[in-house]
Every structure is written in C-alpha cells, then in structure tokens.
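To start, the structure itself, in structure tokens.
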2 protein chains.
Amino acid sequence: MKSDRDRSVRLLWEPPAEPTRGPKAALSQSRVVEAAIKVADADGIDALTMRRVAETLGNTAMSLYRHVPGKSELLDLMVDAVWGETEPTPRGPWRAGLEFYARQVWAMYRAHPWMLQLTTSRRMPGPHAMTRQDAAYAAVSELGLAPEEIVAVVTTVSHFVDGVGRTMADRVQAERETGVSEEDWWDGREALWEHFTPDRLPMMTHIWNSGGFERLLDEFEFGLARVLDGLAVFIESEERPLVRPQTCL
Amino acid sequence: MKSDRDRSVRLLWEPPAEPTRGPKAALSQSRVVEAAIKVADADGIDALTMRRVAETLGNTAMSLYRHVPGKSELLDLMVDAVWGETEPTPRGPWRAGLEFYARQVWAMYRAHPWMLQLTTSRRMPGPHAMTRQDAAYAAVSELGLAPEEIVAVVTTVSHFVDGVGRTMADRVQAERETGVSEEDWWDGREALWEHFTPDRLPMMTHIWNSGGFERLLDEFEFGLARVLDGLAVFIESEERPLVRPQTCL
DNA sequence: CTAGAACCGTGTACAACGTACACCCTGTGT
DNA sequence: ACACAGGGTGTACGTTGTACACGGTTCTAG
C-alpha cells in the first residue's frame with residue numbers, strides 16, 4: 001500500500017533513474033507517454049490500449065511494462081505531461097489572471113479532450129498540474145481574501161471550465177465514434193422531433209421555431225464572462241458572506 | 001443505421017409494447033433498469049455489468065437482452081429514469097428558478113454519481129431529461145432575452161453544476177475503489193508533501209500553512225452564488241453584449 | 001578476463017467483459 | 001389441436017490488462 005503510493009509519487013515527481021547495466025533501451029518512459037498521448041489524441045481514450053501503444057512504437061504490449069508500472073500510472077504521466085504544455089498564469093490584475101488560466105485550461109481540453117474522461121480526483125497530482133494551479137491561486141492572492149476564499153474562487157472557475165470542457169469532449173468523442181457530425185446527427189432524428197410538441201416542451205419548441213438553436217452563443221465565452229462578473233461582485237463587496245460546508249459528502 | 005436511431009427514440013419515448021403471446025415474463029424493462037440503477041448506486045458504474053445486473057435479478061446475463069437491446073441502450077434508460085426522479089422547475093422569479101434547477105440537478109448527481117461518468121452529448125435524450133430542461137428554460141423566459149440568450153444562461157448554470165458534480169463523483173468513486181477516505185488518502189502522502197516547497201509552490205504552501213485547505217468553503221454553494229450573481233449582472237444590464245462562436249470546434 | 005548481476009523485450013496464458021447464436025420451454029390465437 | 005411468438009439458458013468468441021517465465025544483452029565485481 002504505502003510503497004505503492006510512494007512509488008506513484010516518485011514516478012511523477014522524480015525523473016526516472018537511468019540504469020547503468022543492461023542493453024540500451026529502445027523505449028523510454030517519455031517515449032511511451034508521448035506515443036500514448038498521440039494515440040489518445042488521434043482515436044480517443046477508448047483506443048488507448050497497451051497493445052495499441054506498443055504497436056505504434058514497433059514493440060509488443062509487455063515491453064511497455066519495463067518503463068511504466070501499469071496503465072493507471074501511464075494515465076497519470078499523460079495527464080501531467082499535457083499540463084506541462086500549458087503556460088503558467090502570469091502575475092497581474094486578478095481578472096486577467098483568472099481569464100488567462102481559464103483559457104489555458106480550455107485550450108488544453110480542446111487539444112486533448114480525453115483529459116476530461118479521466119477521473120481526476122484521486123489521480124496522483126503531478127508537478128506540472130500543481131505549479132499551474134499554484135500560479136492560478138497567485139492571481140487572486142493580493143486581494144485580501146482569506147486563504148479558503150482564494151481556493152474557492154479559483155475552484156469556481158475550474159468547475160465551469162471543466163463543465164464546458166466535458167460537453168465539448170463528449171461531442172468530439174461522439175463524432176469520432178459515429179463518424180457523423182453533430183448537425184447531421186440531430187437532423188436525422190425525425191422520430192425524435194415528433195415528440196417535440198408545444199404542450200410537452202413549450203419552451204423548446206418556441207426556441208426551436210424562432211431559430212434559437214441555430215445561432216447559439218459561444219458557450220465558453222459567454223459563461224466565462226458571467227462567472228468572472230459574479231466573482232467580481234464577490235471580490236469587490238465590502239463584507240463577504242462565508243459559505244461553509246455543512247454536510248458536504 | 002436509421003432504424004437503429006429510430007429504435008432508440010422509440011425505446012425512450014414510447015412505453016414498451018406488451019406481448020400477447022408467450023410465457024409470462026419474470027423480468028421487464030423497468031425491472032431491469034431499476035436493478036441496474038441499484039447496482040450502479042451501490043458499487044459504481046464499473047461494477048455495472050450485464051452479468052451482475054442479471055445476477056441481482058436471479059437470472060442469467062442473456063435474459064436481459066429480451067428486455068433491452070444492449071448495454072448502451074440500458075444506460076440511456078437509466079439516465080432518463082434518474083431524471084424522472086427530479087422535480088421540474090416551478091414558475092417564479094428567474095433567480096429562484098435557476099437556483100431550484102441547479103439544486104435539483106446537484107441532488108440528482110449526489111444520489112447517482114455515476115450519471116456524470118456517462119457520456120451525455122450524443123446519448124439519446126429521453127422525455128424526462130427534456131421536460132426538466134424545458135422547465136429550466138421557462139424560468140428565464142420572461143426577461144426579454146433572445147432565444148439564444150435563454151439557452152446560454154441555462155447552459156452556463158448546467159456547466160457549473162456538471163463541473164462541481166464531476167469532482168464530487170470522482171471523489172465518491174475513488175473512496176469506493178480504494179476504501180480510503182479523502183482525508184486519510186492525502187494524509188498518507190508524506191512522499192508528496194516533501195515536494196511542497198515554498199519555492200516551487202509558494203501559494204499552496206502558504207495556504208496549507210495557514211490552514212486554508214482544512215476549512216474549505218462549500219464548493220457548490222459558493223460557486224452557485226457567484227454564477228447567479230454574474231448572470232444577474234448580464235440580465236439586468238441595459239445593452240447585453242452578444243457573444244457569437246467563431247471557431248467553436 | 002571472465003562470471004554473474006542487472007536490465008530489455010517477447011510469448012503465453014488467464015480472467016472478465018459484451019453479446020451472437022442455437023436451443024428448449026411456455027403460453028396464446030386460430 | 002397446433003403453430004408460433006416470446007422468455008430464459010448455455011456455449012462460445014474476440015478484446016482487454018497484466019502475471020509469469022524465458023532468452024538475449026551489457027556493464028561491473030572479482
């Protein structure tokens with residue numbers, strides 16, 4: 001148990017020690033991670049099998065296990081490698097900082113939608129993810145907020161970006177799996193439209209008939225502006241209401 | 001293809017036709033869906049196998065296929081059944097309405113965290129999910145918003161709730177899989193704390209030392225209040241800036 | 001300079017998954 | 001009475017992660 005967890009920590013935070021003996025390795029940890037990211041980018045997280053990664057490297061599945069303890073740890077490494085591609089939030093006014101952070105994460109999710117399909121909570125955090133988050137905290141560090149308020153503010157932005165990202169990622173995956181674009185998919189749904197009757201779905205039919213679904217606003221841009229507006233209200237208010245968790249599961 | 005999609009629509013929107021001939025069925029579509037939800041609630045979405053569901057019903061795996069076309073469609077049915085457990089948003093002031101909607105969805109996610117691990121975008125929407133969303137649109141229908149603005153406002157709330165829900169769901173799943181509570185997990189991470197040095201992670205060590213991570217604010221309550229504040233700024237402003245998508249993937 | 005340890009990659013094998021298929025049994029409409 | 005529609009079972013296949021034993025390669029200790 002303990003050794004397992006310590007091993008995972010070392011795996012992410014310390015560079016792999018290179019051996020002094022044995023034949024020269026054709027593979028390496030970074031090459032495996034790189035290849036795995038490429039596979040996930042190209043064909044989605046479901047296509048990421050050990051056999052497939054090995055194949056793109058010209059080796060067999062079991063060869064990967066010399067460089068990576070298992071698939072779960074490979075995912076850890078992939079996640080942190082992708083975080084490493086982002087820019088840390090620079091110092092500056094809080095709103096610009098949070099916006100920068102949000103855009104970086106959003107760009108990351110767009111480039112690697114599979115990131116959102118990986119469970120993140122208990123996954124071991126790596127150094128890149130941590131430093132990026134640290135820089136985001138720094139963006140709101142000089143507003144006189146309590147420490148827990150700093151965390152809450154950044155977390156709120158993260159949750160929003162995660163939310164938009166997830167629906168985007170789902171869309172990408174669905175398009176890849178079915179080979180049908182979002183529009184074509186919904187167009188082919190005559191059997192569904194039959195159930196769109198004004199008595200059952202009054203608002204939806206109204207929005208539909210007035211073309212509201214055809215000229216949608218940008219989900220990310222719209223939502224981000226609102227979230228930052230809301231945080232501004234909080235940050236600029238004199239007395240800030242503290243919200244403590246009561247039964248937070 | 002076409003018949004496939006039409007079949008999925010009928011599966012969700014029309015009650016299953018009951019047969020006139022043949023032996024009395026021990027199972028039924030609703031019993032299968034019910035059992036599947038119970039399994040997912042108890043042991044997570046990964047434990048939801050056809051064999052396992054059948055077992056809890058006292059049957060074999062293949063028997064399920066008489067009542068459900070396949071696992072994917074079973075998931076569709078589970079999702080819509082859970083939506084059916086929520087209250088539709090009542091009429092009233094917009095802010096109370098959106099708050100009600102957010103709390104309903106949040107409660108739904110807390111009761112069934114696996115909902116957030118299912119891909120939602122291309123999943124066939126069922127009648128319950130649709131009517132709930134319709135009622136949410138209705139909450140902001142009388143503010144003089146353009147149709148696409150109505151959609152954007154509700155979508156923003158949804159994205160936030162999805163975001164909080166996801167981290168909550170991840171936490172629940174991790175606790176179940178490892179049998180270790182969130183606190184114990186992080187406590188056992190000495191090897192990780194060694195890397196928490198002020199030069200690498202200045203903000204995090206500062207927040208940590210001042211105990212900010214130990215008295216966190218309620219993520220849902222805090223974030224929801226900010227998001228609604230931000231939407232209020234938008235709704236009450238005279239000229240609303242329209243944000244159109246440019247290259248939305 | 002040589003023996004052996006350390007290391008790299010391979011091949012085989014297993015359990016668990018969704019589900020296609022062939023089968024037998026049960027009950028109703030003609 | 002009988003055909004047949006429908007319910008449930010047993011077997012089997014392909015795919016997944018990975019444990020294990022093995023053979024080849026290179027550096028280090030004696």
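Reminder, nothing fancy here: chain letters follow the sequence lines and each chain counts from 1.
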Work out which heavy atom in A/A102 is nearest to a heavy atom in A/V161; give both atom names and the distance.
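So the minimum-distance heavy-atom pair works out to CB-CG2, 3.9 Å.
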Looking at every non-hydrogen atom in both residues, tell me the closest pair between A/L201 and B/D134 and how far apart they are.
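The pair with the smallest heavy-atom distance is C-OD1, 3.2 Å.
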Which whole-number value in Å describes the distance from [X] [atom1] to [N] [atom2]?
X: B/H67; N: C/dT19; atom1: NE2; atom2: C1'; result: 16 Å
X: A/E55; N: D/dT16; atom1: CD; atom2: P; result: 10 Å
X: B/I45; N: C/dC17; atom1: CD1; atom2: P; result: 14 Å
X: A/L57; N: C/dC8; atom1: CG; atom2: C1'; result: 14 Å
X: B/L64; N: C/dG18; atom1: CG; atom2: P; result: 10 Å
X: A/Y65; N: D/dC20; atom1: OH; atom2: P; result: 13 Å
X: A/M50; N: D/dA19; atom1: CE; atom2: P; result: 10 Å
X: B/D46; N: C/dC17; atom1: CG; atom2: C1'; result: 12 Å

N/O-N/O pairs, protein side and nucleotides 23-30 of chain D side, under 3.5 Å:
{"residue": "D/dC27", "atom": "O3'", "partner": "A/T20", "partner atom": "O", "Å": "3.3"}
{"residue": "D/dT28", "atom": "O4'", "partner": "A/R21", "partner atom": "NH1", "Å": "2.8"}

For B/Y137, what residues pass the ring pair (Phe, Tyr, Trp, His ring centres under 6.0 Å) criterion, not counting sequence neighbours?
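With neighbours one apart ignored, the set is empty.
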For A/F196, all residues meeting ring pair (Phe, Tyr, Trp, His ring centres under 6.0 Å), sequence neighbours excluded
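Here the qualifying residues are A/W193.
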Pairs where residues 12-29 of chain A contributes a residue and the test side-chain hydrogen bond (donor to acceptor under 3.5 Å, both in side chains) is met, not counting sequence neighbours
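Checked against side-chain hydrogen bond (donor to acceptor under 3.5 Å, both in side chains) - neighbours excluded - the pairs reaching residues 12-29 of chain A are A/S28-A/S30.
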Tell me every residue that passes side-chain hydrogen bond (donor to acceptor under 3.5 Å, both in side chains) with [X], counting only those two or more places apart in sequence or in another chain.
X: A/T205; answer: none
X: A/D80; answer: A/H128
X: A/R51; answer: none
X: B/Q117; answer: B/Q173

Listed partners of B/R132 passing salt bridge (Lys or Arg N to Asp or Glu O under 4.0 Å), at least two apart:
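Scan of B/R132 (salt bridge (Lys or Arg N to Asp or Glu O under 4.0 Å), adjacent residues dropped) gives none.
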Remember a base hit wins even if backbone is also touched, and classify A/L48 as base, sugar-phosphate or nothing at under 4.0 Å, heavy atoms.
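It contacts sugar-phosphate atoms only.
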So if I take every side-chain heavy atom of A/T60 and compare against D/dG8, C/dG18, C/dG11, which nucleotide ends up nearest?
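Given the options D/dG8, C/dG18, C/dG11, the side chain of A/T60 is closest to C/dG11.
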Nearest to the A/P19 side chain among C/dG9, C/dG18, C/dC7, which nucleotide is it?
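Nearest to the side-chain atoms of A/P19, counting from C-beta on, is C/dC7.
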For residues 26-44 of chain A, pull every pair meeting salt bridge (Lys or Arg N to Asp or Glu O under 4.0 Å), keeping only residues two or more places apart or in separate chains.
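Only A/D43-A/R52 qualify under salt bridge (Lys or Arg N to Asp or Glu O under 4.0 Å).
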Heavy atom of residues 26-41 of chain A under 4.0 Å from DNA chain D: which residues?
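Correct list: empty, so none.
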Show each protein N/O and nucleotides 12-16 of chain C N/O combination with a separation under 3.5 Å, one pair to a line.
none

